[in-house]
Amino acid sequence: MEQYAIRGGNPLVGEVEIGGAKNAALAILAAAIMTDETVIIENVPDVRDTNVLMQAMESIGVQIERIDRHTVKINAQPINNVVIEKDFIKKIRASYYLIGALSGKYKKAMVALPGGCNIGLRPIDQHIKGLRALGVEVKIEHGLIVTEAERIKGSHIYMDVVSVGATINIMLAAVMAEGRTTIENAAKEPHVVDLANFLNSCGANIKGAGTDMIKIRGVAKLHGTQYAIIPDQIEAGTFMFAAAVTKGDVTVKNVIPKHLESISSKLLEIGCEVEESDDAVRVVAAKPLVHTHVKTLPYPGFPTDMQPQIAVTLALSQGTSIVTESIFENRFRYVDELIRMGANIKVEGNTAIIDGVSQYTGASITAPDLRAGAALVIAGLAAEGITTIDDIKYIERGYEDFHLKLQLLGAQIEKVNTERELQKFNLKTG
Ligand code: UD1
């Protein structure tokens with residue numbers, strides 16, 4: 001089974017290019033089926049989630065051509081059915097954006113119901129509430145979400161919880177509705193803004209994305225466009241914390257520093273230097289790191305997708321830190337693995353109480369999900385000795401060439417398949 005082998009101890013030093021935002025790409029790829037004209041999307045990360053979504057789109061007739069590794073040409077004119085099978089949804093939850101996109105364009109969709117996820121319960125009641133408000137009939141039948149509408153009519157929708165996914169699905173369903181839609185208490189994440197910018201470049205009329213009130217005036221038709229996806233805030237943040245935890249000096253390039261402010265400010269609090277320029281951020285960890293407290297919140301708060309990475313860093317910082325997870329209820333599953341590496345962490349409900357230790361030691365551990373997996377890799381990079389990480393398929397869902405980018409920063413990390421390859425790695429790096 002494929003795993004990462006890591007020999008920790010090297011500070012990460014150098015520059016790393018950040019790719020396109022996975023979560024923006026998922027929304028924008030799904031949105032691209034809403035026009036019959038050709039759409040070219042640039043800066044699409046080559047990761048499992050985006051690739052599976054494109055397979056799901058191809059399964060209903062969408063033509064997709066990869067012009068180069070990060071540029072895709074999409075034509076949805078040949079769509080011949082609106083049924084997204086369970087296999088795709090099982091692999092990638094965000095295929096449910098096709099509910100909003102198909103319902104908005106074809107006024108019907110049949111998409112397998114996403115199941116539970118390993119970071120906690122993930123209800124879709126707000127998606128359904130929004131669709132119904134737009135006049136879409138939504139039924140759950142045989143494990144499928146079935147939508148049908150005679151007409152989609154603009155509406156005023158107040159979201160009971162701030163949900164990225166529901167905001168996106170409602171925007172998709174409303175963009176070609178009759179009349180105006182207002183989404184109140186909308187998510188403000190950068191990828192919500194990126195989706196709005198993409199749709200507007202196709203002729204939509206969406207205002208207010210990035211605030212908590214999004215106003216959409218329905219248009220009859222969308223046209224083709226060429227659009228580049230924003231850089232990935234979470235990939236950038238992961239490398240920034242990797243610099244901190246390994247006492248390194250890393251510049252993340254091709255980023256939007258504004259999107260990284262909540263991350264930069266925590267790094268400053270724990271004793272790193274952070275230098276921003278137009279499209280890069282440099283993190284230098286020259287001094288011993290100190291404790292802080294953090295609570296995950298919707299944007300512009302500290303992202304839940306960065307919670308494991310900051311916890312791994314705080315567990316090596318002097319003093320007691322408190323990490324509160326306020327978005328998902330089961331996002332501390334990596335803590336047991338980290339304890340096996342020597343961390344001192346106690347989880348009570350949605351809070352982790354972390355007493356900093358001076359060193360991790362390498363261990364054989366398993367990635368429990370995407371972001372926690374990445375966080376465990378950076379723990380391994382800081383640990384003394386060898387760490388192996390299983391289930392790296394989770395990490396590959398959202399990080400392109402993760403180990404190769406880390407190698408360029410001086411990390412000793414390789415993908416190995418067999419015990420023999422692992423032994424070779426041990427000998428080579430020992
Ligand atoms: C998206 C991101 C994910 C990130 C999360 C929070 C994508 C593909 N995924 O996930 O990486 O961790 O935002 O920033 O962009 N909720 C409800 N009812 C709903 C929908 C959500 O109660 O109908 C709750 C959830 O249980 C959770 C909170 O709202 O507690 C936020 O979830 P949401 O923003 O919807 O997350 P996702 O869109 O699934």
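Counting starts at 1 for both ligands and their atoms, in listed order. One is the number of the first residue; the rest follow in order along the sequence. Since this is a predicted model, take the numbers as computed values, not measurements.
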### Query
Hey, which of Lys405, Arg48, Lys22, Arg69 is the one that makes salt bridge (Lys or Arg N to Asp or Glu O under 4.0 Å) with Glu400?
Arg69
When you check the gap from the basic side-chain N to the acidic O, do [X] and [Y] get nearer than 4.0 Å?
X: Lys415; Y: Glu396; result: yes
X: Asp68; Y: Lys73; result: no
X: Lys107; Y: Glu150; result: no
X: Asp160; Y: Lys129; result: yes

### Query
Is the Phe239 to Phe402 ring centre distance short of 6.0 Å?
yes
Does the N or O separation between [X] and ligand 1 drop below 3.5 Å for any pair?
X: Gln126; value: yes
X: Pro123; value: yes
X: Gly165; value: yes
X: Asn23; value: yes
X: Ile327; value: yes
X: Ala166; value: no

### Summary
Among Val164, Leu53, Ile128, closest by heavy atom to atom 34 (O) of ligand 1 is Val164
### Task
Pick, from Leu370, Val161, Asp125, Thr304, the option with the minimum heavy-atom distance to atom 6 (C) of ligand 1.
Thr304
Please confirm whether [X] comes under 4.0 Å of ligand 1, counting heavy atoms of the residue only.
X: Arg331; result: yes
X: Asp160; result: no
X: His191; result: yes

### Message
Tell me whether the rings of Phe241 and Phe302 are parallel (<30°), tilted (30 to 60°) or perpendicular (>60°).
### Response
perpendicular
If we set the cut-off at 4.0 Å for heavy atoms, which region of [X] has an atom near ligand 1: side chain, backbone, both, or neither?
X: Val162; answer: backbone
X: Asp305; answer: side chain
X: Tyr299; answer: neither

### Task
Taking only heavy atoms of Ile124 into account, list the atoms of ligand 1 that are under 4.0 Å away from them.
19 (C), 23 (O)
### Query
Which of the atoms in ligand 1, numbered in the order shown and given with their element, are less than 4.0 Å from a heavy-atom of Tyr96?
38 (O), 39 (O)
Out of [options], which residue meets the side chain to side chain contact (heavy atoms under 4.5 Å, CB included) rule with [X]?
X: Ile74; options: Met57, Glu65, Gln63, Glu37; answer: Met57
X: Ile256; options: Asp278, Val281, Ile230; answer: Ile230
X: Val72; options: Ile40, Thr50, Val44, Val39; answer: Val44

